[in-house]
Amino acid sequence: SQQGEEDPQALSIQEGENATMNCSYKTSINNLQWYRQNSGRGLVHLILIRSNEREKHSGRLRVTLDTSKKSSSLLITASRAADTASYFCATDAWDNNAGNMLTFGGGTRLMVKP
Amino acid sequence: SQTIHQWPATLVQPVGSPLSLECTVEGTSNPNLYWYRQAAGRGLQLLFYSVGIGQISSEVPQNLSASRPQDRQFILSSKKLLLSDSGFYLCAWSKGRWGASMYFGPGTRLTVL
């Protein structure tokens, strides 16, 4: 089963607008990561936020984490057509056999229209 | 730097035929290795993971199997493919530590007809 659930499932915006994607999860976490997937390609790590952090920035990306609500958001500012992709959140859990295991949500498909 | 390869990139196979997908990692040693399947427009389903040579853990019972004959080689196999095996297969590696990122291969698009 999926730990993280992204909302919305699909988002269409105009170039230059901001895009906000949300992720909700069920159990306690140590870290939450966001990944990007271009169509037909593998996932690429974007940013990690630790459970004791509330906000983190990387370029045009801003991630927030609210552990009391078990939710995170990814904001892409001043979007570009090249930002068109699917975005996934991933939460971690420790497995005594495998170490750190990530569970991915269903993703948000973002389309940025030029 | 680390690199992860998958092949083939695309594959069209008839129902009942065998399958072998290969994944190799360069630039790291003793990685955790993972096989995921992704249906069109959907999230990732973890199929198998491996923490070392010959060590395979299955997350979903099905007609697929995995093997790790070498430290940086991970193979996904099937003796007889089903229509439901169609999908996008992703191999990934991680160091398995707290906060470790996961690095994905380019994927294999499998269509079973």
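Each chain gets a letter, A, B and so on, in the order the sequences are listed, and its residues count up from 1. Because only heavy atoms are used, hydrogens play no part in the values below, and waters and symmetry mates are left out as well, while side chains stay in.
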Considering heavy atoms only, which positions within residues 31-39 of chain A lie below 4.5 Å of chain B?
A:Asn31, A:Gln33, A:Tyr35, A:Gln37
Are B:Tyr89 and B:Val112 in one and the same hydrophobic cluster, where Ile, Leu, Val, Met, Phe, Trp and Tyr link if side-chain heavy atoms are under 4.5 Å apart?
yes
In one Ile/Leu/Val/Met/Phe/Trp/Tyr side-chain cluster, 4.5 Å: B:Leu19, B:Val60
no
Same apolar cluster (I L V M F W Y, side chains within < 4.5 Å links), B:Val12/B:Leu64
no
How long is the straight-line distance from CG of A:Leu102 back to OG of B:Ser101, given to the nearest 0.5 Å?
8.0 Å
Tell me whether the count of non-hydrogen atoms from other residues, nucleotides or ligands lying under 6.0 Å of CZ in A:Arg80 goes above 12.
no
If hydrophobic clusters are built by linking Ile, Leu, Val, Met, Phe, Trp and Tyr wherever their side-chain heavy atoms come under 4.5 Å apart, do A:Leu11 and A:Leu75 end up in the same one?
no
At a heavy-atom separation under 4.5 Å, does B:Ser57 approach chain A through its side chain, its backbone, both, or neither?
side chain
Cut-off 4.5 Å, heavy atoms of chain A, and the answer for B:Gln6 is neither
Heavy-atom side-chain proximity of A:Leu43 to B:Leu44 below 4.5 angstrom:
yes
B:Met102 and A:Phe104: which non-hydrogen atoms are nearest, and at how many Å?
SD-CE1, 4.0 Å
Assess whether side chain to side chain contact (heavy atoms under 4.5 Å, CB included) is satisfied between B:Lys95 and A:Asn100, documenting all intermediate values.
CA-CA 8 Å; B:Lys95 291 304 282 186; A:Asn100 193 42; over 6 Å; no
Between OG on residue A:Ser86 and CZ on residue B:Arg42, distance to nearest 0.5 Å
12.5 Å
Residue set satisfying salt bridge (Lys or Arg N to Asp or Glu O under 4.0 Å) with A:Arg62, at least two apart, ordered chain then number -> A:Glu55
Tell me if the CD atom of B:Gln55 is crowded by more than 12 foreign heavy atoms within 6.0 Å.
yes
If you take the centroid of each ring, where Trp contributes its six-membered ring, are B:Tyr36 and A:Phe88 closer together than 6.0 Å?
no
Looking only at B:Gly99, B:Pro106, B:Gly107, most heavy-atom pairs under 4.5 Å shared with chain A are made by B:Gly99
Connected via hydrophobic side-chain network under 4.5 Å: B:Phe74 and B:Val25
yes
Drop me the distance from A:Met101's CE to B:Asn32's CG, to the nearest 0.5 angstrom.
8.0 Å
Where on B:Arg109 is there a heavy atom nearer than 4.5 Å to chain A: the side chain, the backbone, both, or neither?
side chain
Do A:Arg50 and B:Trp98 have side chains that approach each other closer than 4.5 Å (heavy atoms only, starting at C-beta)?
no
Just wondering, do A:Val44 and B:Tyr103 contact through their side chains at under 4.5 Å, heavy atoms?
no
